[in-house]
Amino acid sequence: MGQSFATPTATSAAGVTTHTVTGLTANTKYHYVVRAKDQAGNVDQNTVEVSATTPAPDTQAPVFGGITGAVATGNLITLSWTAATDNASLPANLIYKIYQATTSGGQSFAAATFTTNPGATSFAVPNLNPGASYFFVVRAQDESGNATTNTQERSAMAQTPTFAANVQPLLTTNCAGCHAGAGAPQGLDLSAGKAYAAMVGVNSKGCPTNKLVLGGQPNNSYLMMKINGAGVCFVGGRMPPGGALPAAQASTISAWITAGALNN
Ligand code: HEC
């Protein structure tokens, strides 16, 4: 019964029957007396006390098996792992820190190269140099900031994106819904079997001084200006109109152009 009744520690809103006390110290027992006060300021004099102990801080890292896969598709590498578990955080609330190196065991664990969204079990690392090998360690972190210290590593070699395997599927999924057939915007048909001939070395309509795709020069390819929403002679809207292409996918198309925009 250590309360001083001279001033209340907290005053609830009118009419409520619960109150949440915040800002307490972890692992500490607190004792409470609650008194009712009417509009005239009359306070009851009860001394009924209840107590509770705040939980100890969570210092336990998740349980995690580490990275299980690294697969290159063109110049991006997709990492995967099995969800970690934790004593206090739900799997959907765990984040994963990705550490990248160009030599085996060369990761610096001081700062993560990438951090995933909560609950992710895969991550696509974009913008990698074709022909270069990359080594990855993934660590799980709970909501209290406790992270695993595992060093399981997977590696993959980034490749030059090819038209058939990496570029056309992106165009088919993101562009051909509009850009196909007789009514394709600006006559640009990006569907399978048509796209290559329709864009490589072909003058654009919006900026006729620029080719849609100019091998070796993504910055001078009007298609990339439309995807990036910027460029020396960008006009009209950014493509696709419904929302920008994810950076990893834009980088795949750009890397294919850099490598010569081959029909491979
Ligand atoms: C919702 C329909 C739609 C989708 C999806 C779409 N576009 Fe377009 N696109 C248009 C329209 C309409 C235009 C003409 C207006 C403009 O240029 O903004 C256009 C114009 C273009 C042009 C200009 C062509 C020229 O010759 O000037 C390019 C390049 C282009 N789109 C590329 C793409 C790419 C690449 C994708 C997919 C990543 C895509 N578009 C997805 C509707 C679409």
Side-chain angles (χ1 to χ4, degrees), residues 70-80 98 113-117 120-132 134 156-264:
V71 177
T73 1
N75 67 331
L76 65 90
I77 295 177
T78 301
L79 314 177
S80 56
I98 294 164
T113 319
F114 304 99
T115 302
T116 70
N117 291 325
T121 55
S122 68
F123 187 83
V125 183
N127 293 320
L128 299 172
N129 291 328
Y134 295 88
M157 184 188 286
Q159 302 154 359
T160 304
T162 66
F163 184 72
N166 308 125
V167 176
Q168 183 62 61
L170 297 181
L171 301 177
T172 300
T173 305
N174 298 291
C175 319
C178 298
H179 288 276
Q186 308 285 41
L188 178 58
D189 191 332
L190 296 175
S191 62
K194 305 279 190 195
Y196 190 87
M199 60 187 201
V200 178
V202 176
N203 288 337
S204 75
K205 299 277 195 322
C207 176
T209 53
N210 270 68
K211 306 287 184 205
L212 284 162
V213 171
L214 182 60
Q217 299 189 32
N219 291 342
N220 288 319
S221 296
Y222 192 63
L223 187 98
M224 288 311 303
M225 297 180 205
K226 292 296 270 182
I227 287 172
N228 295 328
V232 283
C233 63
F234 169 76
V235 290
R238 187 175 184 178
M239 294 290 133
L245 208 55
Q249 302 191 356
S251 98
T252 293
I253 299 174
S254 177
W256 165 74
I257 296 175
T258 301
L262 305 177
N263 194 1
N264 53 6

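Numbering of ligands and ligand atoms starts at 1, following listing order. Numbers for residues simply follow the sequence, beginning at 1.
When only non-hydrogen protein atoms are considered, atom 27 (O) of ligand 1 lies nearest to G206 N, 2.7 Å. The single protein non-hydrogen atom nearest to atom 36 (C) of ligand 1 is C175 SG, 2.7 Å, given as residue, atom name and distance. Scanning the protein heavy atoms around atom 1 (C) of ligand 1, the nearest turns out to be C178 SG, 2.6 Å. Of all protein heavy atoms, the one closest to atom 22 (C) of ligand 1 is K226 CE, 3.6 Å. At the top of the distance list for atom 13 (C) of ligand 1, counting protein heavy atoms only, stands P185 CB, 3.5 Å. Nearest protein heavy-atom contact of atom 18 (O) of ligand 1 is G237 N, 2.8 Å.
With distances taken over non-hydrogen atoms, the option nearest atom 19 (C) of ligand 1 out of K205, K211, M239 is M239.
In plain terms, the two heavy atoms of V202 and A197 that are nearest each other are CG2-O, 3.3 Å.
Ligand 1 lies within reach of P241, whose nearest heavy atom is under 4.0 Å from it. Ligand 1 does not have I253 within reach: every non-hydrogen atom of the residue lies 4.0 Å or more from it.
Side-chain contact between M224 and P218 is present, with heavy atoms from C-beta onward closer than 4.5 Å.
The nearest protein heavy atom to atom 15 (C) of ligand 1 is not closer than 4.0 Å.
By the 30° and 60° cut-offs, the orientation of the rings of F123 relative to F114 is tilted. In this pair, W256 and F163 present their aromatic rings tilted. The plane angle is within the 30 to 60° band.
Between S251 and N75, the side chains place a donor N or O and an acceptor N or O closer than 3.5 Å (distance only, hydrogens not considered). Using modelled atom types and a 3.5 Å distance limit, the side chains of K211 and N220 yield no donor-acceptor pair.
Of all the N, O or S atoms in H179, the one closest to atom 8 (Fe) of ligand 1 is NE2.
For the side-chain contact (heavy atoms from CB on, under 4.5 Å) with V200, the qualifying choice from L223, V213, L212 is V213, the only one to do so.
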Output, in order, the C-alpha distance, side-chain angles, deciding distance and verdict of side-chain hydrogen bond (donor to acceptor under 3.5 Å, both in side chains) for T172 and Q168. CA-CA 6 Å; T172 300; Q168 183 62 61; 3.0 Å; yes
